[in-house]
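Report on the following structure.
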Protein chains: 2
Amino acid sequence: MARRELSETTRAALVEAAIAEFAAHGFDGASTRSIAARAGVHQPQINYHFESKADLWGAALDHLFAELSAELTGAALSADGDLEVLRNSIRTVVRHAAKRPELNRMMVKESSVVSERLTWLTEQHVRSLFDIHSALWNRLRVKGQVADLDVLTAFYVLIGGSTLLYSNSPEARLLSGDDPMDPTRIEAHADAMVALLTRSTPVAATRHHTTRTTT
Amino acid sequence: MARRELSETTRAALVEAAIAEFAAHGFDGASTRSIAARAGVHQPQINYHFESKADLWGAALDHLFAELSAELTGAALSADGDLEVLRNSIRTVVRHAAKRPELNRMMVKESSVVSERLTWLTEQHVRSLFDIHSALWNRLRVKGQVADLDVLTAFYVLIGGSTLLYSNSPEARLLSGDDPMDPTRIEAHADAMVALLTRSTPVAATRHHTTRTTT
DNA sequence: GTCTATAATTAGATAGAC
DNA sequence: GTCTATCTAATTATAGAC
């Protein structure tokens, strides 16, 4: 393997190890030694490939949000009309939370206090998703096709209701003995979140447009 | 002030300071020095009043869960019938999440990986709440009075949908400029969570029993 | 690009005076 | 019960050989 390829391999291994360690123990709880050990390299490699521990943390989130954005874009492109876009997006959020619980684990650990890391995270990655959600939700709300919730509350009900079961899956397993990551359960959860937040038929007025219904 | 009273004052101040620091920075991120400083005492006082940092962390959660249990008990006692108990409980969960976001912040930081702290927390405090929820939810589900969700998923949709807006309120404020803790918004959120998870009229069969409806 | 060795901080906990 | 002073261990980051 050429030197540049080796470098990129090491860098990618460090990012993946950082995702696992930061998600499990938080920024302060994860040590650069444990991250390096998980990646199979020595600790000073982190400061060779990244400016600092905080820089590696940022690279981990860049990677996780790139994955999520790719899936959400796919969900939007394959949909026809606002309502179907929202439904596909909700399903994508649920499925992705189960596939990559690390994303929500990292998020929730940083979102409880204003900090440099939180402002970076919010402006760099969350803002654009929230803006897209807001425009979509407001258009559907005036047509009575979604639950009667303001955009901010709707955003957090959607994310919280869709992701906590997976970000807290170790707790859920202790409580119930069941596996939250079971594919059948995940699909039922996705269906339920769609049913809770959207209405197949508008409640307030306007039926002139033909509205796609799922059943 | 007598010596014993002084001691109890110091202990209570340490618990309250620990709640603030652990909720904001997690177990590893919060230092015993910062907790002592917030409580207005010197750092070694922690090891006089508590066996260890972990012991203080446990005392903080004991305090937070005692508060929550008191409110949930009140909500259940003032209700008539399973459906009203559930509705009151949902509203209590939303209001309490807004009043004490520290509880959910501490919880979510410990629930992403199996650890000694998580197993203690689950068995000591979460288990009983989950068992009560399970019995209640299953009785209502067979009568078609709640959303069609298994108990485990329902628990996490309820908690996640009710609490994330408040545990992540710094992020929510950055995103929207609005105040998630506004009382009117909180009540609207509570109403919405009740509407999402319960049905005023049963969908599947059985109407022989008179069912209390709100409005 | 990766290694060993180590510098510079900071952490939780304890000893002993008052 | 509370204080000052300090011990031991662990942390992030860097220096310099290969």
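Because the structure is predicted, anything quoted here is derived from the model rather than measured.
- Evaluation of the side chain to side chain donor-acceptor pair (under 3.5 Å) test over residues 154-167 of chain B, restricted to residues two or more places apart or in two chains, returns Glu171(A)-Tyr156(B), Tyr166(B)-His189(B).
- Contact between the side-chain N/O atoms of His42(A) and the OP1/OP2 oxygens of dC3(C) is found at a separation under 4.0 Å.
- Partners of Ser134(B) by side-chain contact (heavy atoms from CB on, under 4.5 Å), not counting sequence neighbours, listed by chain and number: Phe130(B), Val151(B).
- Taking only side-chain nitrogens and oxygens, His49(A) comes nearer than 4.0 Å to OP1 or OP2 of dT2(C).
- Ring orientation note: the planes of Phe27(A) and Trp57(A) are nearly perpendicular, at an angle over 60° on the 30°/60° scale.
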Query raised in the report: Reading nucleotides 11-18 of chain C 5' to 3', which nucleotides get B (base under 4.0 Å from a protein heavy atom), which S (sugar-phosphate only), which -?
Result: SBBB----
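- Taking CE from Met106(B) and CG from Leu121(B), the interatomic distance works out to 8.5 Å, rounded to the nearest 0.5 Å.
- Of the candidate nucleotides dT2(D), dT4(D), dG1(C), dT2(D) has the atom nearest to the side chain of Gln45(B).
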Report task. Output, in order, the C-alpha distance, side-chain angles, deciding distance and verdict of side chain to side chain contact (heavy atoms under 4.5 Å, CB included) for Arg91(B) and Met193(B). Result -> CA-CA 8 Å; Arg91(B) 290 204 166 84; Met193(B) 290 308 300; over 6 Å; no
